[in-house]
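Lettering follows sequence order; numbering is per chain, from 1. Keep in mind that what you see is a predicted model, and the values were worked out from it rather than measured. What you see below is based on every heavy atom in this structure, not just the backbone, and it leaves out hydrogens, waters and symmetry mates.
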Amino acid sequence: MMVADFPLWPEQASTFAKDVDALYIFLIILTGTVSVGIFLTIFGLAIKYRRRPDNELAQDYEPPKILEVTWIVVPTIIFMGLFVWGSWLYFHLARVPDDALDIYATGKQWMWKFQHPTGQREINTLHVPVNRPIKITMASEDVIHSLFFPYFRTKMDVLPNRYRSMWFQATKTGRFHIFCAEYCGTLHSGMIGWVEVMEPTEYQKWLAGGSEGSMASQGEQLFQKYACNTCHTNDATGRGPVLAGLYGKDVTLSNDTTVKADDNYIRESILNPQAKVVKGFNPIMPTFQGQVSEDDMMKLLAYVKSIGQNTAPATTPAPAGAKGTNP
Amino acid sequence: MSDMALGNEHHHHHPFLQHHFEDLGQQHEASTLGMWMFLCTEILFFGGVLCAYWVYRVMYPEAWAVGAHLQQTGWGATNTIVLIVSSLTMALAVRAAQLGKRGQQLGFLFATLIFGTAFLVVKGIEYHRHWEEGLFPGSHFHWHEHPELAQKVQLFMCFYWGMTGLHALHMIIGAGLLLWIMWRAYKNHFGPEYYAPVEVMGLYWHFVDIVWIFLFPFLYLIHEVHHG
Amino acid sequence: MADTTEHHQLEHAPHVHVTPLWIYIAVFLALAVGTIVTYLASLVDLGMWNTPVALIIATIKAVLVILFFMHVIHSTRLTWVTVVGSFLWLGILFVLTFADYLTRGWSLFK
Amino acid sequence: MTTATLHDVRLSGAASDRNYFNDEYGALSWFLTKDHKRIAILYLISVSVLFVIGGFFAMMMRIELLTPEGDLLTSDTYNKFFTMHGVVMIFFFLIPVIPAVLGNFLLPLQIGAKDLAFPKINLLSWYLYMLAAGIGLIVIVTGGVDTGWTFYTPFSTQYSNTHVFGTTFAGFIAGFSSILTGLNFIVTIHRMRAPGLTWYRLPLFVWALYATSIVMLLATPVLAITLVMLMIERTVGVGFFDPALGGDPVLYQHMFWFYSHPAVYIMILPAMGVASDVVAAFTRKKIFGYRFVAFSSLAIAFLGFLVWAHHLFVAGISVYSAMIFAFLTFFVAVPSAIKVFNWTATLYKASVSWQTPMLYIMGFIGLFTIGGVTGLFLASLGLDIHVTDTYFVVAHFHYVMVGGTVMAYLAGIHYWWPKITGRMYPEWWARLAALLVFVGFNLTFFPQFILGYVGMPRRYHAYAPEFQVLNVLSTAGASVLAVGYMLPIFYLIWSIWNGRPAGKNPWGAVGLEWTTSSPPPKENFHETPVVTWEAYDYPGMMKAMGETQHV
Ligand code: HEA
Ligand code: HEA
Ligand code: CUA
Ligand SMILES: [Cu+2]
């Protein structure tokens with residue numbers, strides 16, 4: 001069993017993997033050459049000029065100073081190249097494609113909870129379609145965790161105080177590891193799971209099975225449960241601003257600055273409404289800190305998002321299933 | 001033992017010259033440089049918490065303004081003046097030591113101690129009031145005027161207590177050192193040849209004063225951010 | 001930085017530079033005035049300038065204390081380097097920390 | 001007025017009978033000593049004990065990791081072990097080891113001073129260190145701590161129910177010990193140099209200690225205040241980084257690494273200083289590009305402050321600041337490269353002696369290079385996303401810290417052992433140990449690079465079965481390494497009584513420390529030396545020695 005299962009290289013299962021591996025291989029060759037070169041030089045010289053009776057004294061010789069300049073300038077240039085390459089990859093990973101499929105993740109000691117916009121929830125397993133960018137929006141309920149997909153060559157820390165999002169596009173179907181990579185207490189090494197990459201049709205089938213209604217519609221119910229609708233009505237008569245059409249727009253605040261209504265803005269508006277007060281409204285919205293769990297928060301977010309795209313409240317989810325397939 | 005490497009004759013063996021120094025000049029330079037190095041670390045010590053303070057101040061300007069308005073500026077201003085006076089008397093004590101005037105020196109050191117203590121008393125009064133008003137962070141923090149800002153104001157109060165507490169701790173240590181210096185001054189240890197301990201004490205005391213010069217506007221005087 | 005010449009200086013007892021009394025008094029008065037001005041400035045609405053004004057006055061006060069009460073003005077170059085250096089280092093902490101916080105909202109052009 | 005000159009820098013007879021060791025007797029003469037050499041011995045004993053404790057935790061972890069299941073230790077115990085391994089090794093071993101042992105002993109000797117500028121503060125540093133280590137030991141025996149050596153919030157402030165307070169308090173105190181050592185060194189180097197000893201005549205070890213001290217002075221206080229904030233948050237229940245109040249855990253990480261990245265240069269700079277001195281002595285040459293090597297220490301010390309957030313590339317900092325930090329990180333590698341190349345170039349046309357200190361230093365240069373260049377992997381943003389928090393990072397930092405600093409420390413302790421004790425260590429055993437350490441080290445940590453890239457996260461008590469083979473190799477290597485480390489402990493102690501008397505200058509090395517007797521007298525020099533020669537003036541020394549003399 002030991003020998004059979006002895007990988008020296010992780011499988012490449014995302015679009016990103018080969019790019020990262022390319023840089024890795026380049027670095028191995030570059031630094032390998034340099035390191036081996038230095039090693040051999042040291043040993044070579046140490047043997048050649050080893051102390052012998054006729055070599056008790058070093059020769060009075062100084063290598064030319066131009067060497068010094070060379071080995072300052074050349075590495076610097078190489079390093080700048082590495083910087084550009086590494087940054088290019090990083091930037092690429094930071095920019096989530098617009099057409100990515102939304103998935104929500106919560107880290108919690110010691111499990112991963114995933115929610116699909118259509119309402120499916122799963123723990124420690126994540127089903128995603130192949131060949132389609134997936135965006136994971138995530139937060140932690142307690143300490144810092146880190147969602148790590150080694151075969152996709154990506155990971156990101158999950159924070160307790162704000163949303164962050166990462167993305168990947170799987171290129172192979174199959175089961176791949178998920179690890180928690182940021183130490184989070186007793187069962188940190190047990191906070192593991194699997195990502196199941198499926199054909200889009202399979203994925204649609206899977207989505208169709210057992211769900212409690214889409215996240216947005218569950219969010220809508222919560223919207224009533226928390227009595228948000230008493231102030232946020234569908235027309236301009238409420239005490240709070242109309243939330244339809246809000247998501248992704250710029251909001252003008254009472255101090256005349258504008259902010260983009262993104263995930264973290266919505267989250268903050270609910271947890272700490274007075275931090276950014278919308279122009280023309282009184283700061284009367286109560287805080288929901290401590291009342292709304294991370295799961296519910298994500299549903300509320302999904303709801304606010306859903307009514308952001310089409311002005312009517314979403315009753316039917318706009319599932320972000322694979323293109324052209326019917327659920 | 002031979003000190004003759006530098007071969008200067010006029011230096012008799014001063015009782016406070018330590019064995020490993022060549023002469024009092026070297027010893028003096030070493031002590032003051034040592035204190036400066038220590039103050040470097042102090043700058044970064046206070047600087048660390050100050051950096052955190054500014055990060056949150058930029059994030060939560062309203063809460064910071066509210067927090068500053070919870071302070072009584074009168075007390076803060078009084079204390080600033082008290083501390084500046086103590087710095088003056090400290091500087092004059094060093095001067096008296098340089099001139100070898102023992103009486104003056106003792107007087108100014110004593111004045112410094114008195115003003116330092118006055119500062120701590122005023123700070124104590126403020127602390128007491130904050131405690132009574134439930135402005136100490138933690139489970140018994142009560143402050144509800146703007147419920148939505150309460151958490152961030154509490155965060156501000158963490159910094160208030162943390163920074164002024166650290167500063168007060170430095171004052172207490174300074175007061176202890178002053179007593180020791182006063183005792184040595186009383187024993188007539190200092191004069192134009194040897195006054196490094198007084199000088200070093202002064203550097204420390206002035207540094208603590210500088211910290212407060214910044215803390216005062218940062219914790220008491222934040223102008224309200226106006227909403228349009 | 002120190003070199004051999006430093007040792008010659010050190011052969012003697014400490015180099016005493018006694019600051020005239022009036023300088024101490026003048027610095028003290030300046031500090032007191034600074035305190036009052038800071039306080040008054042906080043009462044008027046200077047728009048975005050309130051914070052910078054408070055900071056500038058505090059810095060001036062600190063510089064006065066450092067130069068005169070702490071005798072840096074007559075000190076060796078090494079002392080100057082030490083003082084300036086430690087503030088420079090504090091600057092590193094601030095600038096690079098804020099390089100993060102202030103750019104968090106920047107968009108990633110596509 | 002007699003002065004020590006080049007002509008004295010040669011082999012000479014028996015040790016003088018009065019030395020710092022036998023100058024006074026009794027336990028109190030040690031515990032109240034102000035002699036920097038005795039304080040160095042106190043440190044030597046204490047850091048060695050803590051190294052064995054740290055090593056014990058390492059061995060237990062390696063044994064646990066033999067199998068994928070968590071079978072030997074419970075997960076809580078494992079978590080405590082890697083935390084205490086990291087805390088002990090970093091704060092109580094690696095940071096003090098070279099400065100407080102070798103630096104303390106040699107700095108005054110190398111600059112021709114009678115002692116450090118502040119002998120009492122030097123003793124105080126040791127007591128603070130002991131207090132911190134004592135608290136650390138109490139924490140260990142009363143249940144330990146499980147946060148990782150980085151103490152990330154909010155886990156450390158709100159979730160861990162182990163002795164976080166005690167540990168961070170110990171770290172805080174150890175920090176002050178380190179600050180006071182740095183302060184003492186800087187003042188000593190500025191104010192206590194012997195006549196004629198200009199900056200460019202200083203041994204590179206002194207330059208390295210100077211650069212190290214700057215970092216200690218300017219970085220450590222930020223750690224101190226950060227730990228204070230952490231302790232307050234933990235005791236009061238709310239505080240500076242608490243997300244519930246709007247605090248930001250990433251701010252803690254900024255402040256922690258503002259210290260802890262420069263701290264890695266506190267660990268490596270003195271090692272580089274040792275390397276320079278040893279390379280010069282065992283090649284009988286002046287280090288090539290002396291000034292470049294000297295200033296590269298200062299450059300590392302400075303640039304080291306500009307790169308801390310390369311530990312936070314996936315932690316939630318802005319994309320643009322990540323790029324700034326990555327950019328600056330590459331610059332800190334340039335002065336390190338200068339040193340590596342200059343040591344290598346020094347070997348050219350030299351007279352290379354293959355004695356133990358040189359063996360360790362050859363190992364050091366190679367292993368530090370591997371550790372350093374894998375740091376470049378981590379600095380390459382897009383790649384770090386994959387390898388951060390995996391065994392790749394673990395391998396990187398053991399290569400620089402163990403392959404780098406510990407190897408250099410072993411080189412230094414062998415090189416200066418004759419000066420410290422007046423006796424030679426047994427060369428054959430020492431070479432054997434050096435070989436074992438080198439082989440064992442690579443076997444332990446090289447597989448971890450692969451392990452990391454394949455995806456094994458660090459701080460894992462149990463792991464996926466496919467990672468086993470590499471883990472078994474690593475554990476096997478660690479056993480060899482442990483034997484390699486055990487040997488010196490035995491033969492060095494043995495040599496104190498049984499070693500061959502060393503004489504003033506057994507290596508034929510240049511440097512003020514070799515002009516006084518071994519062990520040195522209480523006040524170091526019988527007469528204040530006057531320096532008239534350049535650093536590493538081997539050509540000059542060789543001429544002065546006239547006919548070659550067999551060493
Ligand atoms: C002695 C300690 C030490 C030293 C010297 C270094 C040196 C370096 N380190 Fe390392 N590092 C650590 C100790 C150290 N590190 C520790 C303890 C951690 C993890 C902490 C934790 O999370 O627990 C860490 C983690 C760490 C990270 C974060 C990884 C992560 O968590 O994701 C990074 C990222 O940039 C990094 C980079 C570097 C770089 C670029 C250097 C450079 O200074 C290296 C420069 C040297 C060289 C480059 C070699 C010589 C150069 C040549 C021979 C030139 C020729 C080469 C070419 C032309 C390619 N280190
Ligand atoms: C100076 C620093 C230093 C040193 C010297 C070492 C030395 C060693 N380290 Fe350590 N290590 C760290 C600093 C250091 N480490 C840090 C900072 C971490 C991160 C912690 C964290 O994540 O918070 C870490 C983490 C770490 C891990 C990762 C744990 C994890 O993430 O789950 C591992 C795993 O193999 C490891 C192994 C070893 C080994 C085998 C040695 C060997 O070199 C040790 C060999 C030494 C001895 C064994 C002692 C001498 C031997 C004797 C006297 C014989 C008698 C004793 C016995 C045989 C029991 N270390
Ligand atoms: Cu969650 Cu580690
Ligand atoms: Cu680093």
Side-chain angles (χ1 to χ4, degrees), chain B residues 6 8 10-11 14 22-29 32-33 36-37 39-44 47-48 50-51 54-55 58-59 73 76-77 80-81 84-85 87-88 90-92 94-95 98-99 192-196 199 202-203 206-207 209-210 213-214 216-218 220-224 226, chain C residues 6-21 24-25 27-28 31-32 34-36 38-39 41-47 49-51 53-55 57-59 61-62 65-66 68-72 75-76 78-79 82-83 85-87 89-90 93-94 97-98 100-102:
Chain B
L6 290 170
N8 50 341
H10 62 259
H11 96 242
H14 192 282
E22 297 292 342
D23 56 38
L24 278 172
Q26 190 188 29
Q27 181 172 325
H28 183 95
E29 294 281 313
T32 47
L33 182 61
W36 273 111
M37 290 297 151
L39 294 184
C40 278
T41 72
E42 288 275 33
I43 288 175
L44 278 125
L50 209 62
C51 181
W54 274 100
V55 165
V58 169
M59 278 186 188
T73 318
T80 312
I81 300 287
I84 292 174
V85 176
S87 246
L88 175 68
M90 186 70 234
L92 294 177
V94 177
R95 189 170 179 275
Q98 288 174 329
L99 297 173
E193 280 207 308
Y194 174 72
Y195 63 96
E199 164 105 20
L203 291 179
H206 297 309
F207 170 80
D209 183 21
I210 291 176
I213 286 180
F214 284 101
F216 174 55
F218 288 177
Y220 290 76
L221 302 179
I222 303 174
H223 198 83
E224 195 109 33
H226 286 289
Chain C
E6 229 173 56
H7 288 281
H8 293 295
Q9 244 181 39
L10 295 183
E11 278 170 31
H12 311 285
H15 167 73
V16 185
H17 184 105
V18 184
T19 312
L21 202 59
Y24 284 133
I25 307 284
V27 170
F28 167 72
L31 293 176
T35 307
I36 295 165
T38 322
Y39 174 62
S42 78
L43 299 179
V44 269
D45 185 1
L46 301 173
W49 288 103
N50 280 88
T51 306
V53 165
L55 261 177
I57 301 177
T59 308
K61 285 163 72 182
V65 173
I66 291 173
F68 297 102
F69 283 0
M70 298 170 93
H71 306 152
V72 168
S75 297
T76 54
L78 182 60
T79 315
T82 310
V83 176
S86 47
F87 283 103
W89 249 259
L90 192 56
L93 174 62
F94 272 77
T97 305
F98 277 91
D100 172 20
Y101 282 94
L102 298 181

Please look at [X] and chain B and tell me whether the side chain, the backbone, both or neither of the residue comes under 4.5 angstrom of a heavy atom of that chain.
{"X": "C:Thr19", "value": "backbone"}
{"X": "C:Thr59", "value": "both"}
{"X": "C:Leu43", "value": "backbone"}
{"X": "C:Phe98", "value": "side chain"}

Can you tell which part of [X] gets under 4.5 Å to a heavy atom of chain C, answering side chain, backbone, both or neither?
{"X": "B:Ile210", "result": "side chain"}
{"X": "B:Leu221", "result": "both"}
{"X": "B:Met90", "result": "neither"}
{"X": "B:Gln27", "result": "neither"}
{"X": "B:Val85", "result": "both"}
{"X": "B:Phe216", "result": "side chain"}

Point to revise | Residue, of B:Pro217, B:Gly48, B:Ser87, B:Gly76, that accumulates the most heavy atom pairs under 4.5 Å with chain C | key: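 Of the options given, most contacts go to B:Ser87.
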
Practice item. Could you check which of B:Asp209, B:Ile222, B:Val94, B:Leu50 has the highest count of heavy-atom pairs closer than 4.5 Å to chain C? Key: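 With the most close heavy-atom pairs to chain C, the winner is B:Leu50.
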
Practice item. Say whether, by atom type as modelled, one donor and one acceptor occur between the side chain of B:Arg95 and the main chain of C:Val18 under 3.5 angstrom. Key: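 Here the side-chain-to-backbone pair does not exist.
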
Review point. Which is it for C:Ser86 and B:Leu39 under the side-chain contact (heavy atoms from CB on, under 4.5 Å) test, yes or no, and what are the steps along the way?
Key: CA-CA 9 Å; C:Ser86 47; B:Leu39 294 184; over 6 Å; no

